[in-house]
Every structure is written in C-alpha cells, then in structure tokens.
**Q** 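Can you keep this structure in mind? I'll have questions shortly.
This chain uses plain numbering: 1 for the first residue, then up along the sequence.
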Amino acid sequence: VQLQAYGGGLVQAGGSLRLSCAASGLTFSNYDMGWFRQAPGKEREFVARISALGSFTYYLDPVKGRFTISRDNAKNTLDLQMNTLKPEDTAVYHCAAKPGGGSNYPDGYNYWGQGTQVTVSS
C-alpha cells in the first residue's frame with residue numbers, strides 16, 4: 001500500500017493550496033480517509049476526514065469553512081482544498097487510510113503517506 005501526498009508549498013496568509021493524495025495497493029473505496037497535520041514540537045493533529053463513499057465529512061473546528069476534503073474513488077485520489085490559510089496552519093500534512101469507519105484519532109489509521117509541507121507566512 002502506498003499513499004503519496006503532494007501539493008504543499010509556501011503561501012502567504014489568506015492564500016490557498018490544494019493538497020492531493022494518490023493511493024495504490026488497496027481497494028480505495030473500502031477505506032475512510034483522513035488528513036492529519038503535525039507542526040514542529042506538536043503532536044499529530046486531526047484535520048478532516050471523509051467516509052469511504054464520500055457521503056460524510058468531518059472537520060477540525062478551526063478549519064471548518066476554510067478547508068474542504070473530497071475524494072475520487074475512480075481515480076484513487078483524496079484532496080484537501082485549503083482556503084484563507086493562516087500561519088497556524090503551517091505543518092506537515094499527512095493523508096491516512098482507515099478501514100471500517102472513520103476516526104479523528106491517528107491510532108485508527110492503518111496506512112499513512114509521507115507528508116507534504118505547508119508553510120503559511122504572515
């Protein structure tokens with residue numbers, strides 16, 4: 001199983017980025033997917049998740065209304081559209097896959113991507 005996250009970069013506050021995660025080696029539509037982030041010196045933090053068929057989404061409160069998670073099961077891809085970015089969004093963002101229902105906790109996820117760096121300057 002491989003999850004490849006990409007799309008990070010350096011952006012000014014108020015800007016936008018779109019992260020993507022390409023999945024292979026698993027039946028993608030059987031897995032709930034999540035985005036987590038980890039800033040230096042902090043624990044990994046839940047950001048957003050989406051159910052296996054895309055009908056349910058859930059967000060960390062500080063990103064509600066700014067971030068949108070989506071997936072394309074035909075292409076085995078997961079996206080995170082991030083708008084109105086803030087310096088506190090700076091972190092390495094990881095995609096993760098979990099069978100059998102979603103979770104806001106990292107421990108429930110079986111597979112992880114390597115992460116992509118998002119840096120928001122003030």
**Q** Do you reckon V47 sits in the same ILVMFWY cluster as Y6, going by side-chain contacts under 4.5 Å, direct or chained?
**A**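 No, separate clusters.
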**Q** Is the closest side-chain donor-acceptor distance between D79 and Q81 under 3.5 Å?
**A** no
**Q** Give me the atom names and distance for the closest heavy-atom approach of N104 to F36.
**A** O-CE2, 3.7 Å
**Q** Whether the side chain of Y109 engages the backbone of S103 through a donor-acceptor N/O pair (distance < 3.5 Å, no angle test) should be reported.
**A** yes
**Q** Quick one: does R37's side chain get under 4.5 Å of L60's, heavy atoms only?
**A**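 Yes, side chains in contact.
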**Q** Please report the closest heavy-atom contact between T27 and Y31, naming both atoms and the distance.
**A** O-CD1, 3.2 Å
**Q** Does a side-chain heavy-atom distance below 4.5 Å link Q117 with T90?
**A** yes
**Q** Kindly work out whether a path of hydrophobic side-chain contacts (I/L/V/M/F/W/Y, heavy atoms less than 4.5 Å apart) joins I69 to Y105.
**A**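 No, I69 and Y105 fall in different hydrophobic clusters.
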**Q** Minimum heavy-atom separation for Q2 to Q4, with atom names?
**A**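 So the two residues come closest at NE2-OE1, 3.6 Å.
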**Q** Using the rule that Ile, Leu, Val, Met, Phe, Trp and Tyr join whenever any side-chain heavy atoms are under 4.5 Å apart, tell me whether L80 and V92 fall into a single cluster.
**A** no
**Q** Does V120 belong to the same Ile/Leu/Val/Met/Phe/Trp/Tyr cluster as L10, with side-chain heavy atoms less than 4.5 Å apart forming each link?
**A**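 V120 and L10: separate clusters.
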**Q** Have a look at F67 and tell me which of D89, L19, N83 forms a side chain to side chain contact (heavy atoms under 4.5 Å, CB included) with it.
**A** D89
**Q** Identify the heavy atoms of G102 and D32 that sit nearest to each other, and give their distance.
**A** N-OD2, 3.0 Å
**Q** Please report the interatomic distance CG(L3) to SG(C95), rounded to the nearest 0.5 Å.
**A**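 L3 CG to C95 SG: 4.5 Å, rounded to 0.5 Å.
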**Q** Looking only at heavy atoms, which two atoms of L26 and Y111 are closest? And how far apart?
**A**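 That closest heavy-atom pairing would be CD1-CD1, 4.5 Å.
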**Q** I'd like to know if the side chain of R71 reaches the main chain of S51, judged simply by a donor and an acceptor atom lying under 3.5 Å from each other, with no hydrogens or angles considered.
**A** yes
**Q** Under 3.5 Å, side chain of R66 to main-chain N/O of T84, donor-acceptor pair present?
**A**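 Yes; judged by distance alone, with no hydrogens or angles, the pair exists.
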**Q** In terms of side-chain geometry, is the basic nitrogen of K64 or D61 positioned less than 4.0 Å from the acidic oxygen of its partner?
**A** yes
**Q** When rounded to the nearest 0.5 angstrom, what distance separates CG in L78 from OG in S70?
**A**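 Going from CG on L78 over to OG on S70, the span is 7.0 Å.
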**Q** Please give me the minimum heavy-atom distance between D72 and F28, naming the atom from each residue.
**A** O-CE2, 4.1 Å
**Q** Which value, rounded to the nearest 0.5 Å, describes the distance between W35 atom CH2 and F46 atom CZ?
**A** 13.0 Å
**Q** Calculate, to the nearest 0.5 Å, the distance between atoms CE and NZ belonging to M33 and K98 respectively.
**A** 12.5 Å
